[in-house]
Protein chains: 2
Amino acid sequence: MGKDHQKPTDAELEILQVLWQTGPCSVRQVHDTLAGGRDVGYTTTLKLMQIMAEKGLVRRNTDTRSHIYEAVVAEQDIQQHLLRRFVDTAFRGSAMNLVMQALGQHNAGSEELDEIKALIQRIEQGGNADSDNPPT
Amino acid sequence: MGKDHQKPTDAELEILQVLWQTGPCSVRQVHDTLAGGRDVGYTTTLKLMQIMAEKGLVRRNTDTRSHIYEAVVAEQDIQQHLLRRFVDTAFRGSAMNLVMQALGQHNAGSEELDEIKALIQRIEQGGNADSDNPPT
DNA sequence: TTGACAATACGAAAGCCTTCGTATATCTTT
DNA sequence: AAAGATATACGAAGGCTTTCGTATTGTCAA
């Protein structure tokens, strides 16, 4: 029932990446991390994160002076959601097509290929075996 | 330099899907196809396709009264482009991660899985046939 | 020819995302 | 306590996408 998922925008996703990677942190930290690659004002990052708080994408603790933000949604959940959407719009719903292209485009190492083979085996056997979450 | 690839917007992508699927056709055809699921005015579709022509996403033949549009870019090219972008923004560049999630989320038929296995085999054996992809 | 219909061209509004400037409050250091 | 640095709040501008209304032009049949 929790219809939380809204589609984060590109800028929001960038911020979420930082929060996911480094855990809860201040606007300053997020901004400094981002400012390495981009060139954007501090208040821009601040504003975005405020909006994200309004949207419910992040939660913030306002006890301390510099508020501490943390992602509300799990990275995998967002990825699932975006992936589904992406498959629909760009691949006409064919996830398999996407997988094939992704495999072809990316030169995967043998370990990664092994992982995939293992996953395929699990799917073939158990029908739906997602018992444990394979690490990223 | 051919910097053809711009990222098509969502609406543009929908139109491209029609063009890819049915081949060159008129605005009317595209609109009727789209109007099945959406609810949008004819001139909206027209305008979008005109803009797409300006951007170089589609080409049009104006000899006949109702212009005939056709996609300039190949579906696979756009998919590649979008996929790359998507992997970067949503999966931090890890195509393998995306593949795993896509496989897990979609319950694939055995034939599809076989296809993937075949592709993996080809990759494993042939090493990297097309490895002219310099990483960024 | 004229009336009805269909197609294109074009301007402009509405909505969303991103960006920043500025005002205000709080902390720190001397 | 005062100055300077740092934080948040907030409004508003600029861009881009999507949408549509309206004008104009072309087509076909009676």
Side-chain angles (χ1 to χ4, degrees), chain A residues 5-19 24-70 78 81-82 85-86 88-90, chain B residues 3 5-19 24-70 78 81-82 85-86 89-90:
Chain A
H5 284 191
Q6 322 197 40
K7 184 193 172 193
T9 67
D10 281 350
E12 287 170 348
L13 198 50
E14 263 188 314
I15 289 171
L16 283 174
Q17 300 285 12
V18 176
L19 292 180
C25 56
S26 66
V27 175
R28 171 66 53 191
Q29 284 174 282
V30 171
H31 175 67
D32 286 354
T33 303
L34 250 47
R38 318 271 265 80
D39 177 25
V40 76
Y42 171 81
T43 54
T44 301
T45 307
L46 171 65
K47 179 74 164 184
L48 279 173
M49 293 178 73
Q50 286 171 340
I51 292 175
M52 290 168 75
E54 275 176 23
K55 290 191 189 174
L57 280 167
V58 299
R59 177 187 322 137
R60 65 176 176 176
N61 182 338
T62 61
D63 292 347
T64 53
R65 178 158 113 88
S66 73
H67 303 170
I68 298 302
Y69 288 72
E70 97 185 280
I78 291 287
H81 185 235
L82 292 177
R85 209 184 158 79
F86 182 65
D88 280 348
T89 60
Chain B
K3 45 97 88 283
H5 283 190
Q6 321 197 41
K7 185 191 171 193
T9 67
D10 282 351
E12 286 170 349
L13 198 50
E14 263 187 315
I15 290 172
L16 283 174
Q17 301 284 14
V18 177
L19 292 179
C25 57
S26 67
V27 175
R28 171 66 53 192
Q29 283 174 282
V30 171
H31 175 67
D32 286 353
T33 303
L34 250 44
R38 318 270 265 81
D39 176 26
V40 76
Y42 171 82
T43 53
T44 301
T45 306
L46 171 64
K47 178 74 164 184
L48 279 173
M49 293 178 73
Q50 286 171 339
I51 292 176
M52 290 168 77
E54 275 176 23
K55 290 191 188 175
L57 280 167
V58 300
R59 177 187 323 137
R60 64 175 177 176
N61 182 338
T62 61
D63 291 348
T64 54
R65 177 159 114 85
S66 73
H67 302 169
I68 297 302
Y69 288 72
E70 96 184 282
I78 289 288
H81 186 233
L82 293 178
R85 209 184 158 78
F86 182 65
T89 60

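Note that these values count all heavy atoms, side chains included, but never hydrogens, waters or copies made by symmetry. In what follows, chains carry the letters A, B, and so on, assigned in the order in which the sequence lines appear, proteins first and then strands, with residues in each chain numbered from 1.
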Between [X] and [Y] (side chain of the first, backbone of the second, donor and acceptor by atom type, cut-off under 3.5 Å), is there such a pair?
{"X": "Thr43(A)", "Y": "Leu46(A)", "value": "no"}
{"X": "Gln17(A)", "Y": "Thr89(B)", "value": "yes"}
{"X": "Glu14(A)", "Y": "Ala11(A)", "value": "no"}

What nucleotide, of [options], holds the atom closest to the side chain of [X]?
{"X": "Ser66(A)", "options": "dA7(D), dG26(D), dT19(D)", "value": "dA7(D)"}
{"X": "Arg65(A)", "options": "dA7(D), dT8(D), dT18(D)", "value": "dA7(D)"}
{"X": "Tyr42(A)", "options": "dA9(D), dT18(D), dA7(D)", "value": "dA7(D)"}

In whole angstrom, what separates [X]'s [atom1] from [N]'s [atom2]?
{"X": "Ile51(B)", "N": "dC20(D)", "atom1": "CD1", "atom2": "P", "answer": "14 Å"}
{"X": "Asp10(B)", "N": "dC16(D)", "atom1": "CG", "atom2": "P", "answer": "17 Å"}
{"X": "Glu12(B)", "N": "dT18(D)", "atom1": "CD", "atom2": "P", "answer": "6 Å"}
{"X": "His67(B)", "N": "dT27(D)", "atom1": "NE2", "atom2": "C1'", "answer": "14 Å"}
{"X": "Leu57(B)", "N": "dT18(D)", "atom1": "CG", "atom2": "P", "answer": "12 Å"}
{"X": "Ile68(A)", "N": "dA7(D)", "atom1": "CD1", "atom2": "P", "answer": "10 Å"}
{"X": "Ile15(B)", "N": "dT18(D)", "atom1": "CD1", "atom2": "C1'", "answer": "10 Å"}
{"X": "Lys55(B)", "N": "dT18(D)", "atom1": "NZ", "atom2": "C1'", "answer": "11 Å"}

Q: Measure the acute angle between the ring planes of Phe86(A) and Phe86(B), then classify it against the limits of 30° and 60° as parallel, tilted or perpendicular.
A: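 Plane angle under 30°, so parallel.
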Q.
dA9(D), OP1 or OP2 - any side-chain N/O from Arg60(A) closer than 4.0 Å?
A.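 Arg60(A) to dA9(D) OP1/OP2: side-chain N or O found under 4.0 Å.
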Q: Hey, which sits more toward the 5' end of DNA chain C by its nearest nucleotide, Ser26(B) or Arg38(A)?
A: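 Nearest-nucleotide comparison on DNA chain C picks Ser26(B).
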Q) Which pair of non-hydrogen atoms, one from Ala90(B) and one from Leu13(A), has the smallest distance, and what is that distance? A)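 Looking at all heavy atoms of both residues, the shortest contact is CA-CD2, 4.0 Å.
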Q: Assess whether one donor atom and one acceptor atom, taken from the side chain of Arg28(A) and the base of dT6(D), lie less than 3.5 Å apart.
A: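 Flag unset: no donor-acceptor pair detected.
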Q: Walking along DNA chain C from 5' to 3', note the first and the last nucleotide with an atom under 4.0 Å from a heavy atom of chain B, and give both.
A: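 Contacts span dA6(C) to dA12(C), reading 5' to 3'.
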Q: Answer with base, sugar-phosphate or nothing: what part of the nucleic acid does Thr9(B) contact at a heavy-atom distance below 4.0 Å?
A: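 Sugar-phosphate, backbone atoms only, no base.
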Q: Give one of base, sugar-phosphate or nothing for Thr44(B), where a contact means two heavy atoms less than 4.0 Å apart.
A: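 Answer is base: heavy atoms of Thr44(B) come under 4.0 Å of a base.
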**Q.** Other residues, nucleotides, ligands: >12 heavy atoms within 6.0 Å of Asn61(B) CG
**A.**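 Correct, the count exceeds 12.
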Q: Going by the side chain to side chain contact (heavy atoms under 4.5 Å, CB included) test, name the single residue among Leu57(A), Ile78(A), Val58(A) that passes it with Glu12(A).
A: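 When side chain to side chain contact (heavy atoms under 4.5 Å, CB included) is applied between Glu12(A) and each of Leu57(A), Ile78(A), Val58(A), only Leu57(A) qualifies.
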